[in-house]
K.L.:
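Here it is, the structure in full.
Reminder, nothing fancy here: chain letters follow the sequence lines and each chain counts from 1.
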Protein chains: 2
Amino acid sequence: MTSRRDLAEMLYPLLQSLIAAEVPVLAAHGVSMWGYAVLGALEDGSVRTQAALAEAIGADKTRIIGTLDKLQATGLITRTPDPRDRRARILTITDEGREVRGSVRAEIQAHEERLLARLPEADRDGFLRALEALHRLPREDITDRSSLDRRPAHRSNPA
Amino acid sequence: MTSRRDLAEMLYPLLQSLIAAEVPVLAAHGVSMWGYAVLGALEDGSVRTQAALAEAIGADKTRIIGTLDKLQATGLITRTPDPRDRRARILTITDEGREVRGSVRAEIQAHEERLLARLPEADRDGFLRALEALHRLPREDITDRSSLDRRPAHRSNPA
DNA sequence: CACATTAGTAAGCATCCGCATATCATCTGC
DNA sequence: GCAGATGATATGCGGATGCTTACTAATGTG
């Protein structure tokens, strides 16, 4: 058994192709890939500071500054000093930012839906559920070779 | 509907984590990521020349040369001029190459199995089937926005 | 035989990435 | 109030990537 291909071997070209499809959409709306990721992280409000943002989107905190500068200059986000800790900058997505994010997202997901429509429904549903479950896993759970903990990736049992 | 995340948003960190898990294994066996991909492409014998190889693994043909040099120097592949077209080099994986490829692959897939074991079986099966189907699609089918053709990704109906 | 084409190779360039370092302002603990 | 830690920022290094150009050897075409 296990005569299948490695996951990365299949995921890599898939991701490449998806990104290639996204790039023109992003360019048409004047945002970069990182910019789009930033808007996404800010949209749900779970991220406030830049350090938290970098952590959330898996980017280097020194590398997102230019992205934030541009987003701010375009009026898609605001960066205001935290009155409680004036070292930190509170990041907020503006209405225009939400609008851009929504437009890009709609186009990207419409494209993805057309792609997913080519899969059998059962596989498609399983694919999305599995992907979401894997996405929720902390990075170390995937990276570490000592997967001694066999907690299911779905329905995590807290505590 | 479609309140889900973008595919790339979920695939990107997943791939990053998988690669991070693979790197130590590859290093332990003295092959690079591209080297491993080359061995994989050569293993099934569908690729003979360097140009075909570059095409197969989605790499630049000028960039794989160093990889091939190293694989050849390590004795994992052979590069012999094609007697019928002495411009071309016939690539062959050696027994030792097969062995290294097999070892690395076993380790990587064992790790992947442990990861996939955390998913519900139905989702896992659908995930793998969908991934394989998407992997079989030609790149343009994913990239192009004009997905006028709605052929299912599974059971392709040839002509 | 002259010409265009192709496979492999080498080299250069612009970009991006992760990582490390340094600076400055600010906060926190003692 | 001072020392140490922290957030944001700027900068530079090394590595990898995609893209382009150029050169060679060999093939094929007229």
K.L.:
Ignoring hydrogens and angles, are the base of D:dG15 and the side chain of B:Arg63 linked by a donor-acceptor pair under 3.5 Å?
P.N.:
no
K.L.:
Whole Å only: how far is the CD1 atom of B:Ile65 from the P atom of C:dT9?
P.N.:
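In whole Å, C:dT9 P lies 5 Å from B:Ile65 CD1.
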K.L.:
CD1/B:Ile77 to OG1/B:Thr94 distance, rounded to the nearest 0.5 angstrom?
P.N.:
8.5 Å
K.L.:
So A:Arg4 and B:Glu113, salt bridge (Lys or Arg N to Asp or Glu O under 4.0 Å) or not? Walk me through it.
P.N.:
CA-CA 11 Å; A:Arg4 65 167 166 78; B:Glu113 288 299 327; 2.8 Å; yes
K.L.:
Kindly say whether A:Ala8 contributes a backbone atom to a donor-acceptor pair with the side chain of A:Asp6 at under 3.5 angstrom?
P.N.:
no
K.L.:
Does a salt bridge link B:Asp82 with B:Arg84, judged by any charged N lying under 4.0 Å from a carboxylate O?
P.N.:
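Salt bridge between B:Asp82 and B:Arg84, a charged N being under 4.0 Å from a carboxylate O: no.
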K.L.:
Taking only side-chain N and O atoms of A:Arg89, does any of them lie within less than 4.0 angstrom of OP1 or OP2 on D:dT9?
P.N.:
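Yes, within the criterion.
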K.L.:
If only side-chain N and O atoms of B:Arg79 are considered, is one of them under 4.0 Å from the OP1 or OP2 phosphate oxygen of C:dT9?
P.N.:
yes
K.L.:
Nearest whole Å is fine: how far is C:dT15 C1' from A:Met33 CE?
P.N.:
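Distance, rounded to whole Å: 13 Å.
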K.L.:
If you take any heavy atom closer than 4.0 Å to DNA chain D, which residues from residues 37-48 of chain A end up in contact?
P.N.:
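Under 4.0 Å from DNA chain D: no residue of residues 37-48 of chain A.
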K.L.:
Tell me the interatomic distance from A:Asp69, atom CG, to D:dT11, atom C1', rounded to whole angstroms.
P.N.:
15 Å
K.L.:
May I have the distance from A:Lys61 (atom NZ) to D:dG7 (atom C1'), rounded to whole angstrom?
P.N.:
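In whole Å, D:dG7 C1' lies 9 Å from A:Lys61 NZ.
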K.L.:
Give B:Asp60 one of three labels, base, sugar-phosphate or nothing, depending on what nucleic acid heavy atoms sit under 4.0 Å from its own.
P.N.:
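The residue B:Asp60 makes base contact.
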K.L.:
Could you state the atom-to-atom distance from CD1 of A:Ile64 to P of D:dA8 in whole Å?
P.N.:
8 Å
K.L.:
Donor-acceptor pair under 3.5 Å: do we get one between B:Arg87's side chain and the base of C:dT6?
P.N.:
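Between C:dT6 and B:Arg87, which were checked side chain against base, a qualifying N/O pair under 3.5 Å is present.
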K.L.:
Please determine whether a side-chain nitrogen of the Lys or Arg among B:Asp141 and A:Arg118 lies less than 4.0 Å from a carboxylate oxygen of the Asp or Glu.
P.N.:
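Yes, charged N to carboxylate O under 4.0 Å.
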K.L.:
How would you label the contact of A:Thr49 with the nucleic acid (heavy atoms, under 4.0 Å): base, sugar-phosphate, or nothing?
P.N.:
sugar-phosphate
K.L.:
What is the distance, to the nearest angstrom, from the NZ atom on A:Lys70 to the P atom on C:dC16?
P.N.:
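Going from A:Lys70 (NZ) to C:dC16 (P), I get 10 Å.
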K.L.:
Tell me whether the side-chain N or O atoms of A:Arg86 pair up with the base of C:dT26 as donor and acceptor below 3.5 Å, since no angle test is needed here.
P.N.:
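When only heavy-atom distances are counted, A:Arg86 does not reach the base of C:dT26 through any donor-acceptor pair under 3.5 Å.
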K.L.:
Is it true that, when you exclude B:Asp95 itself, more than 12 heavy atoms of the residues, nucleotides or ligands shown sit nearer than 6.0 Å to its CG?
P.N.:
no
K.L.:
Can you check the A:Gln72 CD to D:dA8 C1' distance for me, whole Å?
P.N.:
13 Å
K.L.:
Answer yes or no: is there a side-chain heavy-atom contact under 4.5 Å between A:Val100 and A:Thr74?
P.N.:
no
K.L.:
Within this structure, what is the CG-to-P distance between B:Leu53 and C:dG8, rounded to whole angstrom?
P.N.:
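Answer to the nearest Å: 9 Å.
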K.L.:
Classify the angle between the aromatic ring planes of A:Tyr12 and B:Trp34 as parallel (below 30°), tilted (30 to 60°) or perpendicular (above 60°).
P.N.:
perpendicular
K.L.:
For D:dT9 and A:Gln50 - does any side-chain N or O of the residue sit under 4.0 Å from the phosphate oxygens OP1/OP2?
P.N.:
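True: A:Gln50 side-chain N/O within range (under 4.0 Å) of D:dT9 OP1/OP2.
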K.L.:
Can you work out whether B:Thr62 or A:Thr62 has the more 5'-proximal nearest nucleotide on DNA chain D?
P.N.:
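Going by which nucleotide is closer to the 5' end, it is A:Thr62.
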K.L.:
Report yes if at least one side-chain N or O of A:Trp34 is closer than 4.0 Å to OP1 or OP2 of C:dC17; otherwise report no.
P.N.:
yes
